[in-house]
Amino acid sequence: MAVGLRAFGAKGPGWLRRGPWAPFAASFCSQGRVPEPGPRLTSVRQRDGIRSIVLSNPKKRNALSLAMLKSLQSDILHEAESQDLKVIIISAEGPVFSSGHDLKELTDERDPQYHAEVFQTCSEIMMLIQNHPVPVIAMVNGLATAAGCQLVASCDIAVASDKSSFATPGVNIGLFCSTPGVALGRAVPRKVALEMLFTGEPISAQEALLHGLLSRVVPEEQLEEETMRIARKIASLSRPVVSLGKAAFYKQLHQDLRKAYHLASQTMVDNVALRDGQEGIKAFIQKRKPVWSH
């Protein structure tokens, strides 16, 4: 894996700490505000390589308060480099996936430094998802608005029930969804993103699927089954290969065509050099199932 990551300027196993945004991530772990004591706002379980993180504050519509953000960040970062972790699923309790930031934290009763920490922490989590070594799947059953919609747009894969809807309604209360617009504008066509941002009106799950915000839409009763099917498939594959491929995909995405192919070609060379790359090729030639290194 380290061989492949060098193609993108990473340095191997410590890349989560040494990435371009690492100083901010490190400050959250060591110097950020300590959330007030209270019940944990997320719950986590991990089995067979699949880590399920659940936003667990339905009474407050799973608002992304600073405490919720830090809890989510901790759950995503926990043992991120462990070979036992293959995929992460983010879901939520209750009828609202997430209503976005907790507006009570954004009044003038809090100082601008606190407000900056809220938005900075949220932005770092969205980047963390993209830079994480394993795929991250959003499993949405209900409403996702503002930063909640941003969270869905930031995940690698998003599966939603047909009862779900998505909106960036901040403009209606005088707080334009500028940071959600970063993720939204990279997930859907510009004119779709701007209509959502300018009007604040929600779109249905089917519209979100049509425009590329979602990977697939299923009936509510099939949501967990379908999400787990995708997660199990990913978990059955080589983690080093998937990690290398994910990093390469995002690295080449915003390059010009020539540079994108240069980066991807070097990644293929690095992939062939991986133990699992050779194992997969030999298993295919020998007509047997590969035995991955993990």
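Between W292 and D276, the shortest heavy-atom contact is CZ3-O, 3.3 Å. Among all heavy-atom pairs drawn from T199 and N172, the shortest one is O-OD1, 3.6 Å. S154 and A183 make their closest contact through OG-CB, 3.5 Å (heavy atoms, listed as atom of the first residue, atom of the second, distance). Summarising the geometry of R239 relative to V134, their closest heavy-atom pair is NH1-CG1, 3.3 Å, with the distance given to 0.1 Å. Pairing each heavy atom of N141 with each of S161, the nearest pair is OD1-OG, 2.6 Å. When every heavy atom of L214 is checked against every heavy atom of A160, the shortest pair comes out as CD1-CB, 3.6 Å.
Here the CD1 atom belonging to I157 is positioned 4.5 Å from the CD1 atom belonging to I137, to the nearest 0.5 angstrom. Annotation: the span from C155 atom SG to H132 atom NE2 amounts to 11.5 Å, rounded to 0.5 Å. For the atom pair OG (S215) and CD1 (I230), the distance works out to 6.5 Å, reported to the nearest 0.5 Å. Atom NZ of residue K191 and atom CG of residue L194 lie 8.0 Å apart, to the nearest 0.5 angstrom. The SG atom of C122 lies 5.0 Å from the CG atom of L69; values are rounded to the nearest 0.5 Å. Distance check: Q150 CD to C177 SG gives 8.5 Å after rounding to the nearest 0.5 Å.
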Could you go through M68 and L55, starting from their C-alpha distance and side-chain angles, then the distance that decides it, and tell me whether this counts as side-chain contact (heavy atoms from CB on, under 4.5 Å)?
CA-CA 8 Å; M68 171 75 89; L55 307 183; 4.0 Å; yes
Going through the checks in order, is the side-chain contact (heavy atoms from CB on, under 4.5 Å) test met by I50 and K86?
CA-CA 6 Å; I50 300 171; K86 311 292 179 52; 5.9 Å; no
Worked verdict on K233 versus S236 for side-chain contact (heavy atoms from CB on, under 4.5 Å)
CA-CA 5 Å; K233 172 61 179 177; S236 73; 4.2 Å; yes
Go through the steps to decide whether S43 and S56 satisfy the test side-chain hydrogen bond (donor to acceptor under 3.5 Å, both in side chains), and finish with yes or no.
CA-CA 6 Å; S43 59; S56 303; 3.2 Å; yes
side-chain contact (heavy atoms from CB on, under 4.5 Å) assessment of T168 paired with T145
CA-CA 5 Å; T168 49; T145 66; over 6 Å; no
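Side-chain contact between V152 and I90 is absent, with no heavy-atom pair separated by less than 4.5 Å. You'll find the side chain of E201 stays beyond 4.5 Å of the side chain of M196, heavy atoms only. In this structure the side chain of T227 reaches within 4.5 angstrom of the side chain of I89, judged on heavy atoms. Inter-residue side-chain proximity for R258 and D256 is flagged as met; some heavy-atom pair is nearer than 4.5 Å. Put simply, the side chain of R40 reaches to within 4.5 Å of the side chain of T42, judged on heavy atoms. Between S123 and T179, some side-chain heavy-atom pair lies under the 4.5 Å cut-off. You'll find the side chain of E79 stays beyond 4.5 Å of the side chain of L85, heavy atoms only. L274 is listed as a side-chain neighbour of V241, based on a closest heavy-atom distance under 4.5 Å.
Ion pairing of K246 with D156 is present here, as a side-chain N (NZ or NE/NH1/NH2) and a carboxylate O approach within less than 4.0 Å. Ion pairing between E117 and K70 holds under the 4.0 Å rule for side-chain N and carboxylate O. No salt bridge links K289 with E279; every basic N to acidic carboxylate O contact stays at or beyond 4.0 Å. A salt bridge does not link D84 with R51: every distance from a Lys NZ or Arg NE/NH1/NH2 to an Asp or Glu carboxylate oxygen is 4.0 Å or more.
By the criterion of side-chain heavy atoms lying less than 4.5 angstrom apart, applied directly or through intervening Ile, Leu, Val, Met, Phe, Trp or Tyr residues, L223 is not grouped with V136; the two fall into different hydrophobic clusters. Taking hydrophobic clusters as Ile, Leu, Val, Met, Phe, Trp and Tyr residues chained together by side-chain heavy-atom distances below 4.5 Å, V192 shares a cluster with V140. Follow the hydrophobic side-chain contacts under 4.5 Å out from L41 and you never reach V54; the two are in separate clusters. V87 and V159 end up in the same hydrophobic cluster when Ile, Leu, Val, Met, Phe, Trp and Tyr side chains are linked at under 4.5 Å. Linking ILVMFWY residues whenever their side-chain heavy atoms come closer than 4.5 Å, directly or via other members, places F97 and I203 in the same cluster.
Within 6.0 Å of the CD atom in Q286, the count of heavy atoms belonging to other residues, nucleotides or ligands exceeds 12. With a 6.0 Å radius and a threshold of 12 heavy atoms from other residues, nucleotides or ligands, E221 has its CD atom above the threshold. Atom CE of M228 sits in a crowded spot, with more than 12 heavy atoms from other residues, nucleotides or ligands closer than 6.0 Å. The number of heavy-atom neighbours closer than 6.0 Å to CZ of R288, taken from other residues, nucleotides and ligands shown, is above 12. Remark: E105 CD is packed, more than 12 non-hydrogen atoms of other residues, nucleotides or ligands lying under 6.0 Å away.
Using the six-membered ring where Trp is involved, H101 and F119 have ring planes that are perpendicular, over 60° apart on the 30 and 60° scheme.
For residues 253-273, there are no ring pair (Phe, Tyr, Trp, His ring centres under 6.0 Å) pairs, not counting sequence neighbours.
With sequence neighbours left out, the side-chain hydrogen bond (donor to acceptor under 3.5 Å, both in side chains) criterion links D102 to no other residue. For E226, the salt bridge (Lys or Arg N to Asp or Glu O under 4.0 Å) partners are R216, R229, not counting sequence neighbours.
Judged by distance alone, with hydrogens and angles left aside, the side-chain atoms of T267 form a donor-acceptor pair with the main-chain N or O of L263 at under 3.5 Å. In this structure, E124 contributes its side chain and T121 its backbone to no donor-acceptor pair below 3.5 Å. Within the 3.5 Å criterion, the main-chain N or O of S52 finds no donor-acceptor partner in the side chain of Q46.
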